[in-house]
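Just the heavy atoms: all of them, side chains too, but no hydrogens, waters or symmetry mates, feed the values below. Below, chains carry the letters A, B, ... as their sequence lines are ordered, and counting in each starts from 1.
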Amino acid sequence: MNPCDLYHDRLAAFAPEGEEDRDLARHLEACRACRAEFQSYLALTEELQELSLPDPGDLYFQIQAKAIARQIAEEDRAGRSQRRWWAPSLALAAAVVLLFIGFSRFRETPRISEPEWREALQFLSEEEGVLDPEPGLGLEDLSPEQLERLATNIEQRLQQGDEGDLPEESGDWDELSGPELERLLQRLNETSPRRQHEA
Amino acid sequence: MLAGSTEAFNRLVKRYQRPVYYLALRMLRVPEDADDVTQKTFVKAYRALAGFRFESSFKTWLCAIAINLCRTELMKTKRPTEELSDRISDGGFEERQAAEERAYQKAHLEAALERLPPRQKEVVALRIYQEMPFKDIAKALKSTETAVKVNFHHAMKSLRDWIQKKVHHEPL
Ligand SMILES: [Zn+2]
């Protein structure tokens, strides 16, 4: 039996970082044929990732979110969950805590887009006052560049005042109030080494 | 109290509606159906939130609900099989001129993706497009890590073989 047969079925699912398969990793180092096979799966993965689906746009998702909110409000009016209102809120609190934790992991993936981390941060900051399981967990996890960009973004937002027109890419910040932004900026200044240096 | 929790839930909707929508669209390929499944997923999640056990991440849990709804949807109707690849080859005129070959390759791959058995397609959608670890995929699909890895392997092998065959021999 060819020794490679042992490994062939594991090649497609192999992830060099993250998930462990040391045995396979060692074999890949030694075996050119399996390495080539593995490369072909990596290439295919990239091709698959490039298959884009049509983006219906922000407005579409806003309308969709409203439709969902409406249905949920109807659920509540119907009183289905009234008897156990505390159960969803406890679960929700825990889900938010999970988000905090999830975010630091999610930040490490290289494909994270600007709006994504901004959205995640918005979430972090919005929940901060209410559910702060470990103060600063999210912000401290950010790279200096990300902190810098975020702080600049907030400063612009504050300069323009609450009612001012926002630059298009800062749309995610729309829902934060002035004091909330100020609080976040303060936290950022405490967190960012570069900013501390400047001050 | 309840109002506060719906508000917080609406933020979760905003945070996750895109991944859920794209997962559904990847599975169903019809935007209207994907929209429907996305809305149902969140309404169902809201109802079931009390039962969320934190054995998986919130996203994994949402994906599990979405996948189940997609399965129901797929059983209900016969899906179109060429829509996405049509869209790609009929796509923007300029794009076609600039990168016709690339678009063609993509169309082949889209078509190949559609040929996968449902379970394999689910695993590919969660792994490639949601970037989920296999252990989370196993949770979302109520399966084992080994089983989903085997599914993934079969899917990738088939895709690669079909693509190679298509590129070298047959027209789409
Ligand atoms: Zn080998």
Side-chain angles (χ1 to χ4, degrees), chain A residues 8-13 15 18-19 40-41 43-45 47-54 56 60-62 64-69 71-73 75-76 80-82 84-96 98-99 101-102 106 109 111 116 119-120 122-123 126-127 130-131 175, chain B residues 1-15 17-18 21-22 25-26 29 31 34-35 38-43 46-47 49-52 54 57-59 61 84 87-88 105-106 109-110 113 124 127-129 131 133-135 148-150 152-157 159-160 163:
Chain A
H8 266 175
D9 294 356
R10 280 140 71 184
L11 283 169
E19 283 155 66
S40 79
Y41 286 125
L44 176 59
T45 300
E47 278 182 64
L48 283 168
Q49 281 167 342
E50 281 169 19
L51 292 183
S52 54
L53 291 169
Y60 174 89
F61 285 110
Q62 280 167 28
Q64 188 183 64
K66 281 201 183 112
I68 294 167
Q71 290 171 65
I72 286 167
E75 290 268 313
D76 279 346
R80 258 171 248 190
S81 46
Q82 230 154 31
R84 300 175 58 200
W85 59 266
W86 48 270
S89 18
L90 279 186
L92 196 60
V96 170
L98 273 182
L99 275 182
I101 300 159
F106 149 88
T109 61
R111 292 175 72 248
E116 266 177 334
E119 204 182 327
Q122 181 188 344
F123 208 98
E126 279 183 342
E127 296 301 332
V130 199
L131 300 154
E175 289 164 28
Chain B
M1 202 57 188
L2 199 60
S5 95
T6 53
E7 204 178 291
F9 189 80
N10 290 337
R11 282 203 288 272
L12 285 175
V13 172
K14 282 189 192 162
R15 176 72 188 81
Q17 67 184 140
R18 282 168 195 263
Y21 172 79
Y22 281 116
L25 187 56
R26 190 53 80 189
R29 297 165 18 102
D35 180 38
T38 307
Q39 295 196 26
K40 280 185 185 155
T41 298
F42 283 103
V43 173
Y46 184 73
R47 270 184 223 155
L49 204 51
F52 179 47
F54 305 101
S57 78
F58 191 68
K59 184 180 164 185
W61 187 62
L84 275 181
R87 182 177 59 77
I88 286 173
Q105 260 179 321
K106 281 190 176 183
L109 192 53
E110 286 279 6
L113 207 50
V124 168
R127 178 68 185 172
I128 306 268
Y129 299 103
E131 298 186 329
F134 285 107
K135 65 171 172 18
V148 294
K149 278 185 174 174
V150 169
F152 185 73
H153 168 79
H154 287 315
M156 293 294 274
K157 194 170 180 315
L159 287 174
R160 195 193 56 183
I163 293 300

| remark: Of A:T45, A:D9, A:L11, the largest count of non-hydrogen pairs under 4.5 angstrom with chain B goes to A:D9
| Pick from B:Y22, B:F152, B:F42 with the largest number of heavy-atom pairs that fall under 4.5 Å of chain A | B:Y22
| message | Between A:F61 and B:Y21 (judged by ring centroids, cut-off 6.0 Å), do the two rings come close enough to count as a pair? | response | yes
| task | Could you look at B:K40 and say if it's the side chain, the backbone, both or neither that has a heavy atom under 4.5 Å from chain A? | result | neither
| Minimum-distance pair of heavy atoms, taken over all atoms of B:P133 and B:R127 | CA-NH1, 3.6 Å
| query | Does one side chain, of A:Q71 or B:Q39, offer a donor that lies under 3.5 Å from an acceptor on the other? | reply | yes
| request: Answer yes or no: is there an ion pair linking B:E110 with B:R29, defined by an N-O contact shorter than 4.0 Å? | output: no
| query | With chain A, which of B:L159, B:V43, B:D35 has the greatest number of heavy-atom pairs at distances under 4.5 Å? | reply | B:D35
